[in-house]
Amino acid sequence: MNRRPLLPSRLPVDGYVLALLGTVGLAALLPASGTAARIAGATATGAVALLFFLYGARLSTREALDGLRHWRLHLTVLGCTFLVFPLLGLAARGLVPGILTPQLYGGFLFLCLVPSTIQSSIAFTSIARGNVPAAICAGSFSSLAGIVLTPLLAAALLGGRTGGPSADALLRIVLQLLVPFLAGQLLRPWVCGFLVRRKKVLGYVDRGSILLVVYTAFSQGMVAGIWHLVTPGRLALLLAAEAVLLALMLALTWYGAGRLGFGRADRIAIQFAGSKKSLAAGLPMASVLFGAHASLAVLPLMLFHQMQLMVCAVLARRRARDPEEPAAGPAAPAGAPAALPG
């Protein structure tokens, strides 16, 4: 007799999201300005570079290349993340100005450009009895591709909107994100052991760095006086638009993967990896791309992050009760790259 897996009885309210909201509240009450703002900005710049150095040092190039053996699944997830999502984001332009303000639409479109998550995709794929190694690889490839694709897509689709990316912003992306990432890859043979031994401490460094980025971005927004553009009614409409976006992606990834001939386990991995967006990757990128406008740019992403956790927790429990069926397609690689924060 099969036992149902032990699952959480309540919807997950991500503790880190609560910390992010607390950081936003702190920036609203005590925004950094003047010399404090310059110090916070310089520290946040260094923190972002450190984050991407650690991302590069953690990702095993050899295992990532080994994972390409399951290339159809990974291309499907990448297509969902960097093609279907952006197309839906562009289609949402019709919601301006009736539902979304131009500033909120810029953040909504940016949300559609960031890479997929890793940790939550793996967790929900595991709960739903899906292909966990494939979810690990797909999320890692998405994060790696996003370092290049997200800034390029943002430059192409967001240039000229809400203080969108410029040539200078793209240069900062290269210097603050790509160069540290490549440095981490080059130094990985020498620093990997150190990082593994201090994994827990470095987790706090990751999250603390992102909290600093959020505080700096929202402080800039408060000083610039942009928060009068966001009303409770607009936030409710933004949440409704994001709920529709998430529902569409969950349906497209599940039924589309079925039409492409993937088996149940692979469809679960595609659905959970292809329908999510990474808060950890998106926040540092937004701080570099948008500068003083970053607070409104990341607001839709923060809301979408919590929504995807709650909805996918329910969906994973439902998928766990599905009957077993033979897996289709090539087997997932035995080795999988180390996960990046997502």
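Keep in mind it's a predicted model, so treat the numbers as computed, not measured. Side chains are part of it too, since the values below use all heavy atoms of this structure and drop only hydrogens, waters and symmetry mates.
The nearest pair of heavy atoms linking Leu315 to Gln271 is CD2-OE1, 3.4 Å. Summarising the geometry of Tyr215 relative to Leu30, their closest heavy-atom pair is OH-O, 2.6 Å, with the distance given to 0.1 Å. Looking at every heavy atom in both residues, Ser142 comes nearest to Thr81 through OG-CG2, 3.8 Å. Across all their heavy atoms, Leu109 and Pro86 have their closest contact at CD1-O, 4.2 Å. Here the closest non-hydrogen pair linking Phe85 and Ser275 is CZ-O, 3.6 Å. Contact record, Ala138 with Ala273: CB-CB, 4.3 Å, taken as the closest heavy-atom pair.
Between the side chain of Ser126 and the main chain of Ala123, no donor-acceptor pair closer than 3.5 Å is present. Between the Lys277 side chain and the Pro115 main chain, no donor and acceptor come within less than 3.5 Å of each other. Thr216 contributes a side-chain N or O that, together with a main-chain N or O of Leu212, makes up a donor-acceptor pair within less than 3.5 Å. No donor-acceptor pair under 3.5 Å is formed between the side chain of Glu242 and the backbone N or O of Met307. Under the 3.5 Å distance criterion, the side-chain polar atoms of Arg93 are left unmatched by any main-chain donor or acceptor of Tyr105. Under the 3.5 Å distance criterion, the side-chain polar atoms of Arg267 are left unmatched by any main-chain donor or acceptor of Phe262. Side-chain N or O atoms of Arg319 include none that pairs as donor or acceptor with a backbone N or O of Ala128 at under 3.5 Å.
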Mind running side chain to side chain contact (heavy atoms under 4.5 Å, CB included) on Leu100 and Arg234 for me, showing each step along the way?
CA-CA 7 Å; Leu100 300 177; Arg234 286 291 186 184; 5.6 Å; no
From CA spacing to verdict: side chain to side chain contact (heavy atoms under 4.5 Å, CB included), Val24, Leu299
CA-CA 10 Å; Val24 172; Leu299 182 61; over 6 Å; no
Between Ser116 and Ser121, does the side chain to side chain contact (heavy atoms under 4.5 Å, CB included) criterion hold? Intermediate values first, please.
CA-CA 8 Å; Ser116 177; Ser121 296; 4.0 Å; yes
Worked verdict on Cys312 versus Leu250 for side chain to side chain contact (heavy atoms under 4.5 Å, CB included):
CA-CA 9 Å; Cys312 289; Leu250 288 171; 4.2 Å; yes
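The shortest distance between side-chain heavy atoms of Ile268 and Trp254 falls below 4.5 Å. At a threshold of 4.5 Å between non-hydrogen side-chain atoms, the residues Gln308 and Phe304 count as touching. Side chains of Leu157 and Phe110 form no contact here, defined as non-hydrogen atoms less than 4.5 Å apart. Counting heavy atoms from C-beta on, the side chains of Phe272 and Thr117 never come closer than 4.5 Å. Considering only heavy atoms from C-beta on, Cys80 stays 4.5 Å or farther from Leu252 through its side chain.
Remark: Leu309 CG to His305 NE2 distance equals 4.5 Å, nearest 0.5 Å. For the atom pair CG of Leu111 and CG of Leu104, the computed distance is 12.0 Å after rounding to the nearest 0.5 Å. The CG atom of Leu73 lies 7.0 Å from the CG atom of Asn131; values are rounded to the nearest 0.5 Å. Atoms CG and CG, on Leu303 and Leu235 in that order, are 6.5 Å from each other to the nearest 0.5 Å. Atoms CG and CD1, from Leu152 and Ile147 in turn, are 12.0 Å apart once rounded to the nearest 0.5 Å.
Counted by atom type alone, Thr35 and Arg38 present one or more donor-acceptor pairs between their side chains at under 3.5 Å.
Linking Ile, Leu, Val, Met, Phe, Trp and Tyr residues whenever their side-chain heavy atoms come within less than 4.5 Å leaves Leu260 and Leu83 in two separate clusters. Connection of Leu149 to Leu90 is established within a shared hydrophobic cluster, with ILVMFWY side chains joined at heavy-atom distances below 4.5 Å, either directly or through further cluster members. Connection of Leu50 to Phe194 is established within a shared hydrophobic cluster, with ILVMFWY side chains joined at heavy-atom distances below 4.5 Å, either directly or through further cluster members. Leu186 and Phe53 fall into different hydrophobic clusters, where Ile, Leu, Val, Met, Phe, Trp and Tyr residues are linked whenever their side-chain heavy atoms come under 4.5 Å apart, directly or through other members.
Across Leu245, Val96, Ile99, Leu88, a single residue satisfies side-chain contact (heavy atoms from CB on, under 4.5 Å) together with Phe108, and that is Leu245.
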